[in-house]
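In the text below, chain A, chain B and the rest are named by the order of the sequence lines, each starting its count at 1. The shown structure was predicted, so the numbers you read here are calculated from the model rather than taken from an experiment. Scope of the values below: all heavy atoms of this structure, side chains included, with no hydrogens, waters or symmetry mates.
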There are 2 protein chains.
Amino acid sequence: MKIGELARVTGTPVETIRYYEREGLLAAPARTDGNFRIYEDTHAERLSFIRHCRSLDMSLDEIRILLRFKDAPGANCGDVNTLLDAHIVHVAARIRELRVLERQLKSLREQCPQARDAAHCGILHELSQPACPGAPISGGHVHGAHGGVRK
Amino acid sequence: MKIGELARVTGTPVETIRYYEREGLLAAPARTDGNFRIYEDTHAERLSFIRHCRSLDMSLDEIRILLRFKDAPGANCGDVNTLLDAHIVHVAARIRELRVLERQLKSLREQCPQARDAAHCGILHELSQPACPGAPISGGHVHGAHGGVRK
DNA sequence: TTAACAATCCGTAGTCACTACAGAGTCAAG
DNA sequence: CTTGACTCTGTAGTGACTACGGATTGTTAA
């Protein structure tokens, strides 16, 4: 099948498929005389694997590790379990962070129950205070408030 | 104060302060004869505001909007409330997504209770199946599993 | 005074996982 | 033969920084 069909059956944008090939996640397929990529079912399987992992918010580096295990069927899969456990810990930590955030935002929102002039807005006033000293600024592995839903 | 001191009192990396200036969030300060930036207390206040907003996972664009209100004290702050409400909705949505994710990951983890050879690993096997069709791949405003904690 | 060292300057490139072009080539149907 | 859909490569943009290189400036100790 050509790249468009692979895109359709796996629900992956064409550009993303080419990107995965450049990144070495998906093997370069054979080409037609006209230089079009021709994929086998094995490619579709591997791409489904990658997309399934991505839908679970794994990074491409994590997926690379899992693919190595898939390619070495005799290996012990203990490290797969370890990777998954670590990922679960990441996600759980991010949920906790966002819950704290949500609470802070709601409390902030209560500072200005009605619209008034900006000079007396409790929200703007409160934001001018330094944040709680220990407050971390998100920048790790699991995304914060601006990274969740595709446009 | 020089940039290093501002960095210290606000807990912001020096590079980030210069970045905010380039982005127009922080006004360019006066300079010494030797071309070093000299900041006033007003800069520190404004930077605290920005960092407080960032710690609440707002985007720089959202912060730009809030700063415009801060700079127009006569304006009605209704839009501030609206922005905050929308942000709270974003965060709540991301929490729901991550909870679904966490459940999926834990269920996946149960597929391979003990380490064994990769060929029979229930996790690798399950990941090879296409993901649930509706499963979105994170890419919106609030970060996913890899974006939460600064290194 | 001089030497060492810290702090600062600017500009550019890298991060992650794509996404969006531009401009060219290929293929199938009518 | 032409139209239009598809595909190709390569490059640049996204957000919010972070990290570097190489130059300058400032501070302190000998």
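Put simply, the side chain of A:Leu66 reaches to within 4.5 Å of the side chain of A:Val80, judged on heavy atoms.
Here C:dT8 presents its C1' atom at 11 Å from OH of B:Tyr39, a figure rounded to the nearest Å. As rounded to whole Å, 15 Å separates atom P of D:dA19 from atom CD1 of B:Ile17. Rounded to a whole Å, the CD1 atom of A:Ile50 is 12 Å from the P atom of C:dA17. The interatomic distance linking B:Leu6 (CG) with C:dC9 (P) rounds to 11 Å, in whole Å. One interatomic measurement links the two molecules: CG of B:Asp33 to P of D:dT27, which rounds to 12 Å at whole-angstrom precision. For B:Met58 and D:dG15, the CE to C1' distance is 17 Å, given to the nearest whole Å. One interatomic measurement links the two molecules: CD1 of B:Ile3 to P of D:dG26, which rounds to 15 Å at whole-angstrom precision. Following rounding to the nearest Å, B:Asp57 (CG) and D:dC17 (P) show an atom-to-atom distance of 10 Å.
For A:Arg51, the side-chain atoms get nearest to C:dC18 when compared with the rest of C:dA17, C:dC18, D:dA16. Proximity note for B:Leu60 (side chain, C-beta onward) versus D:dC6, C:dA17, D:dA16: the nearest is D:dA16. Checked against C:dT19, D:dA16, C:dT26, the side chain of B:Arg54 finds its nearest nucleotide in D:dA16. Of the candidate nucleotides D:dT27, C:dA17, D:dT7, D:dT27 has the atom lying nearest to any side-chain atom of B:Lys2. The side chain of A:Ser59 approaches C:dA17 more closely than any other nucleotide in the set C:dA17, C:dT19, C:dC9.
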*Determine, step by step, whether A:Cys77 and B:Cys112 satisfy the side-chain contact (heavy atoms from CB on, under 4.5 Å) criterion, reporting the C-alpha distance in whole Å, the side-chain angles of both residues, the deciding distance to 0.1 Å, and the verdict.*
CA-CA 9 Å; A:Cys77 75; B:Cys112 191; 3.5 Å; yes
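Toward the 5′ end of DNA chain D lies the nearest nucleotide of A:Glu5, the other residue of the pair B:Tyr19 and A:Glu5 mapping further downstream. With the nearest nucleotide of DNA chain C identified for both A:Thr32 and A:Arg64, A:Arg64 has the one nearer the 5' end.
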Grab the N/O contacts between the protein and nucleotides 10-14 of chain C below 3.5 Å, and write none if there aren't any.
residue	atom	partner	partner atom	Å
C:dC10	OP1	B:Arg31	NH1	3.1
C:dC10	OP1	B:Arg31	NH2	2.8
C:dC10	OP2	B:Arg37	NH1	2.8
C:dC10	OP2	B:Arg37	NH2	2.6

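Remark: A:Ala119 engages A:Asp117, B:Pro73 in a side-chain contact (heavy atoms from CB on, under 4.5 Å) (not counting sequence neighbours).
For B:Arg46 and B:Tyr39, the side-chain atoms include no donor-acceptor pair closer than 3.5 Å. Counted by atom type alone, B:Thr32 and B:Lys2 present zero donor-acceptor pairs between their side chains at under 3.5 Å.
For the pair B:Glu21 and B:Arg18, the salt-bridge criterion is not met [side-chain N within less than 4.0 Å of a carboxylate O]. The residues A:Lys106 and A:Glu110 are annotated as not salt-bridged, no charged nitrogen and carboxylate oxygen being separated by less than 4.0 angstrom.
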